[in-house]
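One structure below.
Convention: sequence-line order gives letters A, B, ...; per-chain numbering from 1. Because the structure is a prediction, the values reported are computed rather than measured.
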Amino acid sequence: MRSTPQCLVAALAEAIRSIVSAASPSHAAVTPCHDARFGDYQSNVAMALGKKLGKPPREVAQQIISGLKVDDVCSKVDIAGAGFINFHLRTEFVARQLVEMAADSRNGIAPAAQPRRIILDFSSPNTAKSMHVGHIRSTFLGDALARIARAVGHAVITDNHLGDWGTNFGMLIYGYKHRLDRAALARSPIAEFERLYREINAASQSDKSILDAARKELALLHAGDAENLKIWKEITDFSLLEFNKTYQHLGVTFDHTLGESFYNPMLQGVVDELKKLGVAELSEGATCVFFRDDPALKDAAPMIIQKSDGAFLYATTDLATVRYRVNEWKSDEILYVTDARQQLHFKQLFAAATKWMGKEKPELKHIVFGSILGPDKKPIKSRSGDPIKLTELLDEAEARARKIIGEKNPELTKEEQSHAARVIGIGALKYADLCQNRDLDYVFDWNKLLALQGNTAPYLIYAYVRVRSIFRKADSNNISSNRFQLQAPEELSLAKHLIQFSDAVHPILEDYRPHLLTSYLYELAVRFSRFFEACPVLKAEEPIRAERLALCDITARTLKTGLNLLGIETLEKM
RNA sequence: GCGCCCAUAGCUCAAUUGGAUAGAGCAUCUGACUACGGAUCAGAAGGUUGUAAGUUCAAAUCUUGCUGGGCGCACCA
């Protein structure tokens, strides 16, 4: 289905060409009006063109309009203000678009013009530790972006780049050998690993022999010692088991889980190659990449890829990872969803990859996000000062949701309540995260998150529930989705928004901003609620009734599809 | 010290990337058919976009200075 802006842009470009032959098509941009009083879509081309031609913009606009052939799309095109061209859509056109959308199995989402192979690197928790709040933004953003990219037709590979090879394994293995509490391990392996690490770390500060022993264990592990590898593997497996429970709970999946350890055998080769190519050099005993010709990086510290003691760093692993993904997965684009504090690292990584691979280098992008803050506007912490565990956060979200559901709708069965509490609790958490501009910090607030009104998951899910409820009550579901009159203003307003679904989804991937979709969905829910208030469906006379049922159906599908793109489920009852 | 980022209604956030009278939600005040789910809807009030200058037809958005805050800066990840 051809989107409304596409129709208008084509006609506009044609009209502009007849005035200025050299005008580039990019001039013919059409955007939705931010205020419905102006019209439905607008073009600002006349202002830019007027400047170029040395003519008053309104005159240029008039000239453009006189050559514009949009009678089938617009009922009116007028000029306003400094030279804005405003397009007013024909109701019949909106109706035709809606008919197409209703019949479309993709719910109107147009396929991407140029599908890419995109690797999404996100979540990436460290093994032997619990997942905590610090992982939620990466996990939610990454998962949502993967879903959206797939929906528009890109080939997406998701990869959970686990931190499974850190220097902490020296302490852990030493602890495992000397201080392991078997019963505690059986009860809660991660908690036991965390305890071991803390205990050994503390002990090693006062007892240097323990520190040395831990270092030896690490060296043994890296040298491939069988016993240490076995312990390392056990720790990794326990961790994965825990992580997978959480991911399942969240509805997040990965195509691959290749942790840092996977790349370990490749690291020396990478360093040698970079040295040979002259990309890396020795400095103060360490192998480094300098960026002397890069104004943004030349004054910063170099990127170290091998320490003076021979050990590798995460910069090395990340370089090896880029090459692996290019060679094995033929990726066009790799997206790293990590927090803003790692910006320097990724700038260096990307610059080093460019030096290394030249034109073979895929598009590399750092999808930055800010911190989650507590009520004190400091990064959120539990009372003890530790990061809040993800499982605890999820449990609390569900418990809070369940309490609200119990109060609002006691008629649900226990099973329905549990299910609804999970969908709403997790959904609210995800939505609160995704609805904010990702690169800013945001303040975490349970009350705002689970609020039943405003731009929240519960409000959207509630809108969905209300639509679905109509279909349960209707004894005949005579839906007519091949003809729309759209007589009531609330119907037309809803319809106009529905046909913009595809236009809301596509720009998300230009700058990886899922909050564009939440804004769209919230506005959809608001328009639906107005329609629902003003336009009786089941009590309406035919053929209005059938038409309104169709509007309800398309709304429900769009809400569901949109929420699913964000990784959020819907409910039939709540 | 160097670098990156941020500052918008009392609070939490938007603003289609330079477009029109800067929009929502919360909180506050007012109103609505005994409601196809009222977990709703309508309305009011709330702003010199931190500050000073500059760029142009047009600036919350771009440039510079200042103020206040966050983060990062050789052998952690």
Side-chain angles (χ1 to χ4, degrees), chain A residues 29 31-35 37-38 42 44 47-48 50-51 56-57 80-84 86 124 126 163 165-168 260 283-288 296-297 299-309 311-315 317-318 338-345 347 368 370-371 373 377-379 404-405 407-409 432 435-437 439-443 445 447-448 451-456 458-459 461-463 465-474 503-504 507 510-511 513 515-516 518-520 522-523 526 529-530 532-540 548-549 552 573-574:
Chain A
T31 55
C33 293
H34 70 266
D35 190 327
R37 279 172 300 182
F38 298 133
Q42 64 174 297
N44 308 329
M47 269 100 76
K51 175 89 176 158
F84 299 95
N86 288 327
S124 310
N126 295 325
W165 201 248
T167 45
N168 54 330
E260 293 174 337
S283 167
E284 295 176 32
T287 308
C288 308
L297 295 173
D299 295 326
M303 184 171 78
I304 298 175
I305 56 173
Q306 188 163 24
K307 296 181 2 180
S308 43
D309 66 0
F312 304 106
L313 297 101
Y314 83 138
T317 316
D318 278 357
T338 76
D339 70 277
R341 288 172 305 189
Q342 299 194 42
Q343 279 181 99
L344 179 61
H345 166 69
K347 274 183 195 157
V368 175
S371 308
L373 308 179
K377 301 249 190 167
K378 295 254 168 70
I404 296 169
I405 293 161
E407 285 163 10
K408 294 285 185 184
N409 194 353
C435 77
Q436 319 239 0
N437 196 339
D439 43 30
L440 301 177
D441 296 347
Y442 77 90
V443 177
D445 178 352
N447 292 327
K448 186 189 166 196
L452 308 161
Q453 59 282 94
N455 190 7
T456 64
Y459 177 80
I461 295 172
Y462 177 65
V465 166
R466 290 211 292 177
V467 198
R468 298 300 304 157
S469 170
I470 289 178
F471 288 96
R472 271 200 306 280
K473 287 246 163 71
D503 302 328
E510 279 167 24
D511 214 11
R513 300 195 177 277
H515 84 277
L516 298 175
T518 62
S519 300
Y520 171 86
Y522 175 61
E523 179 66 23
V526 168
S529 297
R530 285 181 195 145
F532 187 89
E533 200 79 15
C535 305
V537 177
L538 297 177
K539 287 179 198 147
R548 287 184 177 166
L549 272 175
C552 287
K573 294 179 183 175
M574 67 191 269

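In this structure, OH of A:Y462 is placed 11 Å from P of B:C36, rounded to the nearest angstrom. Protein atom CD of A:E533 is 10 Å distant from nucleotide atom P of B:U40, rounded to whole Å. Computed from coordinates, the A:L516 CG to B:C13 P distance equals 17 Å when rounded to whole Å. Between the CG atom of A:D445 and the C1' atom of B:C11 there is a distance of 10 Å, given to the nearest Å. One interatomic measurement links the two molecules: CD of A:Q436 to C1' of B:C11, which rounds to 13 Å at whole-angstrom precision. When rounded to the nearest whole Å, the span between CG of A:N44 and C1' of B:U61 equals 15 Å.
A:P536 comes within 4.0 angstrom of a nucleotide base, judged by non-hydrogen atoms across all strands. Among the protein residues, A:V443 comes within range of the sugar-phosphate backbone only, with heavy atoms under 4.0 Å from sugar or phosphate atoms but none that close to a base. Within the nucleic acid shown, A:R513 comes within 4.0 Å of at least one base atom, counting heavy atoms only. As judged by a 4.0 angstrom heavy-atom cut-off over every strand, A:S469 is placed among the base-contacting residues. Among the atoms of the strands shown, none is found under 4.0 Å from any heavy atom of A:E523. Across all strands, A:D503 comes closer than 4.0 Å to no nucleic acid atom at all (heavy-atom distances). Using a 4.0 Å heavy-atom criterion, one finds that A:M303 contacts no nucleic acid atom at all.
With both ends at atom P, the span from B:U48 to B:G23 equals 14 Å, rounded to whole Å. Across B:U21 and B:G47, the matching C1' atoms stand 13 Å from one another, rounded to whole Å. Distance check on atom P: B:A58 versus B:G65 gives 24 Å, rounded to whole Å.
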*Classify every nucleotide of nucleotides 70-77 of chain B by which part a protein heavy atom approaches to under 4.0 Å, writing B for the base, S for the sugar-phosphate alone and - for neither, in 5'-to-3' order.*
-SSSBBSB
*What does nucleotides 1-6 of chain B look like as a protein-contact string, B for base, S for sugar-phosphate only, - for none, at under 4.0 angstrom between heavy atoms?*
---S-S
*If the sugar-phosphate is the primed atoms plus P, OP1 and OP2 and the base is the rest, what is the B/S/- string for nucleotides 23-29 of chain B, using protein heavy atoms under 4.0 Å?*
-SSS---
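Here A:D309 pairs with nothing under the salt bridge (charged side-chain N to carboxylate O under 4.0 Å, His left out) rule; sequence neighbours left out. With sequence neighbours left out, A:D441 forms a salt bridge (charged side-chain N to carboxylate O under 4.0 Å, His left out) with no residue at all.
In this structure, A:F38 forms an aromatic stack with the base of B:A20, since both conditions hold: centre separation below 5.5 Å and plane angle below 30°. Stacking here means ring centres nearer than 5.5 Å and ring planes tilted less than 30 degrees, and by that measure A:F532 stacks onto B:C36.
In terms of phosphate contacts, A:T31 brings no side-chain nitrogen or oxygen within less than 4.0 Å of OP1 or OP2 of B:U16. At least one side-chain nitrogen or oxygen of A:K539 sits closer than 4.0 Å to the OP1 or OP2 atom of B:C36. Remark: A:S519 is not in phosphate contact with B:A14, judged by side-chain N or O atoms under 4.0 Å from OP1 or OP2.
For RNA chain B, runs of at least 3 consecutive pairs of the Watson-Crick or G-U wobble type, with both hydrogen-bonding distances under 3.5 angstrom, map to B:1-5 with B:69-73, B:10-13 with B:23-26, B:28-32 with B:40-44, B:50-54 with B:62-66.
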